[in-house]
Structures are given as structure tokens and as C-alpha cells.
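Since the structure comes first, as C-alpha cells, the remarks are kept for the end.
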Protein chains: 2
Amino acid sequence: MSASPSEAAGLDLPEAVLRPVRGHHAFEACVEQLAVAIRLGVYPRGSTLPPERALAAQLRVSRATLREAMAALRQAGLVETRRGRGGGTVVTLKPRTPSARAAARVSPQRRAEWLDALEFRRIVEPGGAWLAAETDLGPERREQLERALADVTAARRPAEHRQADSRFHLTVAALSGSARVVEAVTSVQATLHEMLLAIPVLDANIAHSDRQHASLVRALLAGRPDQARTVMEQHCDDTAALLRGLVA
Amino acid sequence: MSASPSEAAGLDLPEAVLRPVRGHHAFEACVEQLAVAIRLGVYPRGSTLPPERALAAQLRVSRATLREAMAALRQAGLVETRRGRGGGTVVTLKPRTPSARAAARVSPQRRAEWLDALEFRRIVEPGGAWLAAETDLGPERREQLERALADVTAARRPAEHRQADSRFHLTVAALSGSARVVEAVTSVQATLHEMLLAIPVLDANIAHSDRQHASLVRALLAGRPDQARTVMEQHCDDTAALLRGLVA
DNA sequence: CGCCAATGGCCTGAGTTCAGACCAATTTCC
DNA sequence: GGAAATTGGTCTGAACTCAGGCCATTGGCG
């Protein structure tokens, strides 16, 4: 037996705690973050990204490096760029339609990451919902939450529904007011997005999911933390059950 | 009003989602991780770190970079190094004794990070405990858990108790089997450690904390996820109450 | 004693990233 | 129409990081 990261018997604390330091290649990390933000619908099709200088500052990266990332996104067909005042970089990526194609074909390591994401999600998303429900939301935030919910239920095509769903979950996380929660949920949703693209869309599932979203929003607006958490847990469990079948 | 990361009124999803890419100094990140691991007692005083080549591989960093980090740790007096077979780098840092000194003197940004860590902790540590209790622990892992608990209760001096406490919480997290949980708890414990060094030690607090630890271990060994989570939530709430007073 | 293995110490050449300045295109506003 | 502002495009020298090889020191083993 080689030194696997998590042997069944013994628990190697140092090995568990020390994780790879950030991958060298800042520009890859930028591509990753921006691609995720675009695919999750944080920047919907047609919207304009912030100017390069602002984005570079936000990502704490030099403009040269950010531009490399932009070039990659451009080459991959996610964005297009126009120069001059009023120009900028606009999102052109059409949201992908979920399909059952790339079902298997994942490495064991990938599979493990997926399962881990599902477990972690069941912790952080309900936790974030609990926090958000505890917070005293202003009228503007209540509106944003309801709009995010409306976007999900209004989405007709599966691809749009998928993006709106991600946006909804990210919105709930952001309402918690915790940067760490947002980071965790973003990461989890990115992985989830991958998985959900690989399963067929069933109207029944969507309807069920939408009911849970609505129920969650009611709990959030009513300021009922425990109820919000329970609803979100159920929601995560239901989605996870769907997905675990996929990777089994 | 400037564009603050989290305005009270509006919620800027892109701003919340896009976070700084890795601080571009791999060697700083290494120093950070190793220093945290040492201070939290993952590598106790007197223990030997893995060989440079192994550590470099684990952190996914070149040996040259790792050595820069080692030099920094050596200069800071955390470790000492001996060459040759049977040599290596040993931890020399004496655990710091908590004291009420550096109470205030924290920037508003730091304060916000601290409070965020407390909120995030209340989500991930109970969640990790829930997961760990759900897992079917082997005899070896049960032993490790009980040993970690014994180490905490046996620690006489405050500095040792502080380290043993960190190790205990990291052990529980690691037992969850989720890499993401371990990462989150490690990060949270690092911040917590800072805060706890700045408050005076009260025997009553320690006794109370130890009782909660014991209660948690019972729930974990009995395989009662909900109970484990509730106990851990109470534990986090109690610590947080103590600490929030400090930074108020 | 002499060899071998393990470990830290050091060097080189190539690739990345950075900060900042300057150029070019395009829109907005007078 | 023209000036100004905004935005992407480009360049340069310095600093950081990497991969890999080689050297130096120490302890174990035959």
C-alpha cells in the first residue's frame, strides 16, 4: 500500500493538513476563476466584464497576467473584446445544455473530488442559508433574493435554468455576508455545475427543485434560520442523491 | 461611498465571487502553511519535519522554493536543521502562552476577518463533526480520537493545552474524511489560534471546554451525527462569545 | 574500516510574473 | 468637428519560481 492521502486505518494529521500551495501559473488561476464565473452565470451572456485594470486589481494580479487569461478566454470562445471607450470584454458563451453524454469517463480522483464536493456542499450551503436567515436583510437585498428566485422559475430552457440556479445559490451565500462562505459555495457550485451538465434534465426534478427554492426564500425572508437550514439540507440531499447515481 | 466589498444595501455578486488569486509568492505561502502547522501543534516541539524533497512534493513546490521557506522558519526560530543521514529539520518553537496583551491594536479589516472566521467556524466544524459521526470509524481511528482527547485534558500548561486543543479539532475534521472540511477547519483554526493567544486563560473556561470535548467524543464514537453537531455548535458558540468580547 | 544511503546545501538556465509606462482605438461631450 | 476620457494593446527590465543535477555531511552496515 502506498501512502495514499487518506488511508482507511491510520490518520496522518500532517498529511491531511498540509495541502498543495497555490499552483504556480497565476494566469491559469485567473482563467479558472473567470471561466467559472461565466459558466455559472455570474456574468451572463451579453454582459460586459469589468475593465482589465479593475479586474486585475480585484484578482490581485498584474494586468499582463490578466491579459494572458483574457486571451485564453477569447481563444476558447467565451468572450469577445472591443477596444476604445465603451468597449470592453463581453460574454459570448452560450450556456451549455445539460446532456447525459459524458457520464462515465472520469478518473477515480475526479470521482472522489466530486463526492467530496457533495458532502462539503451539504455543510456549507445549509450553513450559509442559516447565516443569511439570521441576518437582517435590507429591502434591496430582499428584492435581489426574490429576483434571483424568479429568474430560476422563469427560465425555460434547461441551459438557462442551470445558470439561474447557480446564481440563486450564490446569491443566498452572498447574503450570509461571509466571504468564506461565498468562497466555499463558489467552489462547490463550480464542481456541481460540471456534474449537472452530465445528467439528463427531468421536468419533475426541476419542478421539485423550484419548490424547494421557493420554500427556502420564504424561510430566509421570514428570518427562520433553522428552517432555512433544514430546507437547504433537504435540497442538497435530493440533488446529491441524483448525482451519486451518476458517478456510481 | 467607495466600492466596499460588501455594501449594506446592494449585493454585488461578481465582486463577491471573484476573489484574489493566490498571493504570488509561493515561498510565502509555504512559510504560512508550515508556520501554522507548527503553531497549531500538528508538528509538536521536538518532532522532525519530513525531508525537504518530500515536503516540496507534498506542497507541490520546487525544492528551491521550499528551502527559502525553511530558511525563513529557521531565521524566525521555529525550527533547526541538521545535515546528514538521520538529520532533518526539527521543531524548536516553544508554544506561546496565551496572554491578554495584544488585545486591541487590530485593524478593522483584521477584525472583520476574525469575526468572519468565527461565523464560518460555526458552520464547518459542526458540519465536520456531523460527517465524522456518520462515518464508520475503524478501531485505529477511534483510538486516535481518544488519544487526542486525552492529550487535551492532560495538558497542564496553558500553551500546551492550546496546541492540544487545535490538534483535537483538526483530528475531528480529518476523521470526516473530507479534504475540503480539513482545509476549511485548518484555516479557521489558524485564525482562532491568533485570537486565543490574546485572551487570558481561565481555568473555568478550560474545564467547560474539556467537558464539551468529552461529550463530543462520546457522540462521535456512538455514531450520533446530530448530537455531535449540536455539541460542536454549542462549543463554537461558547468560544465565540468569549472572543467576540475581545474584539468588540 | 570502507561503502552506501539519506539528507541538507548549492548552482544553472529557462519560463512566469510583476510594475509601470506608453501607444492605439473608440466613444462621449462640448 | 475637436478635445477629453476610457478602454484595450504592447514593451521592458527586474524579481520569482522551476526542474534537475551535483556536492557535502552524517549515520548505518557489512
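None of these values were measured; they are calculated from a predicted model. Chain naming here is simple, since letters A, B, ... match the order of the sequence lines and numbering starts at 1 in each.
Projected onto DNA chain C by closest heavy-atom contact, A/E68 and A/R82 fall at different nucleotides, the more 5' of which corresponds to A/E68.
Atom NE2 in B/H25 sits roughly 14 Å away from atom P in C/dT17 (whole-Å rounding). As a whole-Å value, the separation of A/R85 CZ from D/dG8 P is 13 Å. As a whole-Å value, the separation of A/F27 CZ from C/dG15 P is 14 Å. Summarising the geometry, the separation between CG on B/L66 and P on C/dT7 is reported as 14 Å, rounded to the nearest angstrom.
You'll find that the side chain of B/E52 is closest to C/dG8, out of C/dA25, C/dG8, D/dT17.
Here B/E80 does not pair with B/R74 in a salt bridge; the nearest charged N to carboxylate O distance is not below 4.0 Å.
No N or O donor and acceptor, one from the side chain of A/R63 and one from the base of C/dG20, sit under 3.5 Å apart. With hydrogens and angles ignored, a donor-acceptor pair under 3.5 angstrom links the side chain of A/R53 to the base of D/dG8.
With hydrogens and angles left out, the side-chain atoms of A/H193 and A/R162 include a donor and acceptor closer than 3.5 Å. Inspection of the A/T191 and B/R180 side chains reveals an N or O donor paired with an N or O acceptor under 3.5 Å.
Note: B/F168 and B/H213 have tilted aromatic rings, judged against thresholds of 30 and 60 degrees for the angle between ring planes.
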